[in-house]
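We're numbering straight along the sequence, starting at 1.
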Amino acid sequence: MAHILVKEDGETVRITMNRPARRNSLSFEHLSELLAAFEEAGDSAATGIVLAGEGPVFSAGHDFGDVAARDLTGVRELLQLCTRLMRTIQSVPQVVVARVHGLATAAGCQLVASCDLAVAAESAGFALPGGKGGWFCHTPAVPVARSIGRKRLMEMVLTGDVIDAPTALEWGLINRVVPDEELDAAVDDLLAKATRGSRASKALGKQTIYAQLDRPEADAYAIALEVMASASQLPGAREGMAAFLEKRHPVWPD
């Protein structure tokens with residue numbers, strides 16, 4: 001692939017954006033490659049996916065060279081592709097961790113917010129800069145809004161200012177902040193913890209969480225109750241309960 005690197009590392013697929021000269025900006029071709037990589041990883045036996053960026057920044061967002069060359073229909077197609085990628089990240093059965101260094105702005109920040117988990121280096125920064133420019137960050141704000149509170153979201157989208165990694169941690173946009181030299185170890189540590197247990201149970205759990213988030217409480221319970229009841233009959237659930245009752249370590253069948 002021209003714009004990304006994909007590496008299988010044991011049970012982990014590592015997807016790295018590789019357009020450092022363009023600050024990993026997201027052209028149509030780049031988004032297409034990312035989508036294909038996530039779809040392929042989603043169909044694999046991997047338990048985890050790490051999304052990273054090569055070069056000085058994680059991602060600067062949409063490639064304005066690509067956007068400026070498109071008419072309304074073309075921009076709509078670009079944003080539809082981007083939205084499909086974000087939703088695929090959340091629908092694949094694997095745990096997806098963003099490995100963030102440098103800046104993650106606009107659609108780059110959207111990528112971070114769309115991942116299940118995010119670990120950032122102290123050098124990282126996050127912004128929805130459209131608010132101080134001419135093209136507001138409408139779609140990047142969607143997953144960010146589901147990670148941080150309204151007033152914090154409005155500050156990000158209206159000022160466009162960069163928030164540093166500790167602030168992003170405090171606001172709930174990311175899970176960990178570590179020194180730059182410890183970033184890879186911290187990503188692997190969190191991913192190892194997040195992929196413990198039954199793979200099938202984890203996949204169903206992730207998909208159900210996203211299905212019930214932001215729904216009215218009664219609707220959320222209706223979804224979660226039925227899935228949880230059905231999941232009690234899965235081999236992994238039966239083994240987990242049996243191991244607990246028999247006071248032994250589980251042997252996961254899935």
Side-chain angles (χ1 to χ4, degrees), residues 1-116 118-121 123-130 135 137 139-140 142-143 180 183-184 187-188 191:
M1 293 185 178
H3 303 304
I4 66 172
L5 301 173
V6 180
K7 177 183 178 184
E8 294 183 11
D9 182 11
E11 295 186 326
T12 301
V13 175
R14 301 183 188 275
I15 300 173
T16 303
M17 296 177 283
N18 191 34
R19 298 185 77 205
R22 298 286 296 173
R23 298 168 65 84
N24 293 322
S25 58
L26 302 171
S27 64
F28 191 92
E29 291 75 16
H30 189 177
L31 288 167
S32 297
E33 290 188 9
L34 283 170
L35 177 60
F38 271 98
E39 289 177 337
E40 184 174 347
D43 289 335
S44 74
T47 58
I49 301 171
V50 174
L51 176 63
E54 188 65 38
V57 304
F58 179 77
S59 174
H62 286 296
D63 186 330
F64 278 8
D66 189 356
V67 176
R70 292 172 176 269
D71 60 10
L72 173 59
T73 300
V75 175
R76 184 180 292 120
E77 290 173 349
L78 177 69
L79 295 178
Q80 287 171 339
L81 173 61
C82 185
T83 300
R84 184 179 169 192
L85 168 63
M86 303 300 166
R87 302 196 72 175
T88 297
I89 289 172
Q90 295 184 341
S91 68
V92 294
Q94 290 83 5
V95 177
V96 182
V97 181
R99 175 199 181 278
V100 191
H101 73 288
L103 288 173
T105 63
C109 189
Q110 183 182 6
L111 274 173
V112 175
S114 296
C115 291
D116 304 318
V119 180
S123 65
F126 305 84
L128 298 176
W135 196 31
C137 286
T139 52
V142 172
D180 285 50
L183 182 56
D184 288 320
V187 167
D188 290 348
L191 184 61

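- For Asp66 (side chain) and Leu26 (main-chain N/O), no donor-acceptor pair under 3.5 Å exists by modelled atom type.
- Between the side chain of Glu33 and the main chain of Met1, no donor-acceptor pair closer than 3.5 Å is present.
- At least one side-chain heavy atom of Leu34 sits under 4.5 Å from a side-chain heavy atom of Leu51.
- In this structure a side-chain-to-backbone donor-acceptor pair under 3.5 Å is present from Ser59 to Asn24.
- Atom CZ of residue Arg99 and atom SG of residue Cys115 lie 13.0 Å apart, to the nearest 0.5 angstrom.
- The two residues Val112 and Ala118 make their nearest non-hydrogen contact at CG1-CB, 3.8 Å.
- Annotation: side chain of Arg23 is not in contact with side chain of Thr105 (no heavy-atom distance under 4.5 Å).
- Here the CG atom belonging to Asp116 is positioned 10.0 Å from the CD atom belonging to Gln94, to the nearest 0.5 angstrom.
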After noting the C-alpha distance and the side-chain angles of Asp188 and Thr12, does the key distance pass the side chain to side chain contact (heavy atoms under 4.5 Å, CB included) rule? CA-CA 9 Å; Asp188 290 348; Thr12 301; 6.0 Å; no
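- You'll find the side chain of Ser44 stays beyond 4.5 Å of the side chain of Glu8, heavy atoms only.
- Note: His30 NE2 to Arg22 CZ = 12.0 Å, rounded to the nearest 0.5 Å.
- Asp180 contributes a side-chain N or O that, together with a main-chain N or O of Ser123, makes up a donor-acceptor pair within less than 3.5 Å.
- Using a 4.5 Å cut-off on side-chain heavy atoms (C-beta onward), Pro143 and Ser114 make contact.
- Here the CZ-CG distance, from Arg87 to Leu35, works out to 13.0 Å after rounding to the nearest 0.5 Å.
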